[in-house]
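Quick note: numbers below take in every heavy atom, side chains included, and nothing from hydrogens, waters or symmetry partners. No experiment lies behind these values; they were computed from the predicted model shown.
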Amino acid sequence: MQKIFLGMGIALILFGIFGMSYTWHYDHRSAATLDEYAKLDFQASRDEDGNLEGAVLSLYDYRYDKAQLLKRAILFTDGAPWEMPAATKQTNKRWLNENKLFVSFPKSSLKDILLAKEIRFKYYYENGQSIDLPLSEKELVAWQRKLRW
C-alpha cells in the first residue's frame, strides 16, 4: 500500500513539474514577429466617399497566466512611437485565457503606417511583462494594402 501511495505521489510531483514548466514556457514563448505570437485582425474604415477614415486592430493573445492586459499600447512606425489607449477583455477558456486588445489608430498615424518599412507593436500585462514585436513583411504589406484600397 505504501508503494502505491509513494508511486502516486512521485507521479503527481512529476506531472506538476511538467505542467508548471510547460505553462511557463508557453506564456513566455518567443516569436520573431507579432503575427507569429498572437492572432491579429487589422481593419481600415472609409467614409461614404471612400476616403480613409481610420483603422483598428484586434489582437488575441492566448496564455495560461491570469494577468490582465493593461489598457495601453504603442505602435512604432520606423521607430516613431504612437501611444494609444486600448480596450481589453479577458475570457477564460478552460485552462487558457483569451486576452483581447482593441486599438483604434490615430488618423494622423495612418500615413506613417502606409510609408513605414518596419512596424513594431508593444502591449503590456499587469504582471510587468510586455510584448514588443515587429510585424512580418507579409503582415506589413497586408496592412498597407488595406489602407491603400
Side-chain angles (χ1 to χ4, degrees), residues 10-149:
I10 291 173
L12 286 173
I13 289 170
L14 291 175
F15 182 71
I17 291 170
F18 171 77
M20 289 300 293
S21 64
Y22 175 79
T23 57
W24 187 90
H25 178 71
Y26 184 82
D27 286 350
H28 294 84
R29 62 196 181 275
S30 61
T33 63
L34 185 63
D35 38 305
E36 287 176 5
Y37 188 84
K39 179 182 169 198
L40 306 176
D41 183 18
F42 179 82
Q43 297 294 321
S45 60
R46 302 194 173 276
D47 63 15
E48 297 166 352
D49 298 324
N51 299 319
L52 188 59
E53 190 173 56
V56 294
L57 173 66
S58 301
L59 181 143
Y60 303 87
D61 186 2
Y62 297 90
R63 345 170 32 90
Y64 291 100
D65 190 353
K66 293 192 184 315
Q68 300 282 329
L69 282 166
L70 295 181
K71 296 179 185 274
R72 66 185 184 115
I74 303 175
L75 173 77
F76 296 94
T77 55
D78 292 331
W82 295 89
E83 292 193 39
M84 302 167 287
T88 63
K89 182 179 180 182
Q90 185 178 74
T91 307
N92 188 330
K93 294 191 174 215
R94 294 187 185 174
W95 295 293
L96 278 177
N97 295 301
E98 179 184 58
N99 296 291
K100 301 173 191 172
L101 180 116
F102 306 99
V103 176
S104 181
F105 293 105
K107 192 170 184 178
S108 55
S109 71
L110 301 180
K111 184 177 180 185
D112 284 359
I113 294 172
L114 270 169
L115 301 174
K117 293 190 179 7
E118 180 189 57
I119 290 181
R120 295 184 71 82
F121 192 78
K122 184 174 187 175
Y123 58 101
Y124 305 87
Y125 280 94
E126 68 183 3
N127 64 1
Q129 186 180 17
S130 64
I131 309 302
D132 181 3
L133 291 168
L135 292 180
S136 67
E137 185 67 32
K138 180 181 174 185
E139 190 71 16
L140 174 60
V141 168
W143 283 27
Q144 291 171 337
R145 187 177 298 128
K146 287 180 181 181
L147 291 175
R148 282 191 189 104
W149 173 78

Minimum-distance pair of heavy atoms, taken over all atoms of L114 and Q144: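 The answer is O-NE2, 3.2 Å.
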Heavy-atom closest pair, residues N99 and A67: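 What the structure gives for the nearest pair is OD1-O, 4.0 Å.
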Qualifying residues under side chain to side chain donor-acceptor pair (under 3.5 Å), relative to S45, sequence neighbours excluded: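 S45 satisfies side chain to side chain donor-acceptor pair (under 3.5 Å) with no other residue.
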Who pairs with [X] by side-chain contact (heavy atoms from CB on, under 4.5 Å), at least two apart in sequence or on another chain?
X	answer
S104	V56
R46	L52, W149
T88	L69, K71, L101

Taking C-beta and beyond as the side chain, do [X] and [Y] meet within less than 4.5 Å on heavy atoms?
X	Y	result
L40	F121	no
Y123	L59	yes
I74	E83	yes

side-chain contact (heavy atoms from CB on, under 4.5 Å) between L96 and Y64, intermediate numbers included: CA-CA 5 Å; L96 278 177; Y64 291 100; 3.7 Å; yes
Could you give the distance from [atom1] ([X]) to [atom2] ([Y]), rounded to the nearest 0.5 Å?
X	Y	atom1	atom2	value
D65	N127	CG	CG	5.0 Å
M84	R72	CE	CZ	11.5 Å
T77	L135	OG1	CG	11.0 Å
Q68	K66	CD	NZ	10.0 Å
Y60	F102	OH	CZ	5.0 Å

Pairs flagged by salt bridge (charged side-chain N to carboxylate O under 4.0 Å, His left out) wherever residues 30-42 is involved - sequence neighbours left out: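 Passing the test, one end in residues 30-42: no pairs.
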Pairwise salt bridge (charged side-chain N to carboxylate O under 4.0 Å, His left out) hits with a residue in residues 116-128, at least two apart: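 For residues 116-128, and leaving out neighbouring residues, the salt bridge (charged side-chain N to carboxylate O under 4.0 Å, His left out) pairs sorted by first residue read R120-D132.
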N/O donor-acceptor pair under 3.5 Å between D49 side chain and N51 backbone: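 No, the answer is negative, given that no donor and acceptor are paired below the 3.5 Å cut-off.
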Chi angles and distances behind the side-chain contact (heavy atoms from CB on, under 4.5 Å) call for N97, R63: CA-CA 5 Å; N97 295 301; R63 345 170 32 90; 5.6 Å; no
Qualifying residue, where the test is side chain to side chain contact (heavy atoms under 4.5 Å, CB included) with L75 and the options are V103, L57, D112, I113: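 The side chain to side chain contact (heavy atoms under 4.5 Å, CB included) with L75 is passed solely by I113 among V103, L57, D112, I113.
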Aromatic plane relationship, W143 with F42 - under 30° parallel, 30 to 60° tilted, over 60° perpendicular: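 Rings of F42 and W143: parallel, under 30°.
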T33/L133 under side-chain contact (heavy atoms from CB on, under 4.5 Å): CA gap, chis, key distance, verdict: CA-CA 5 Å; T33 63; L133 291 168; 5.8 Å; no
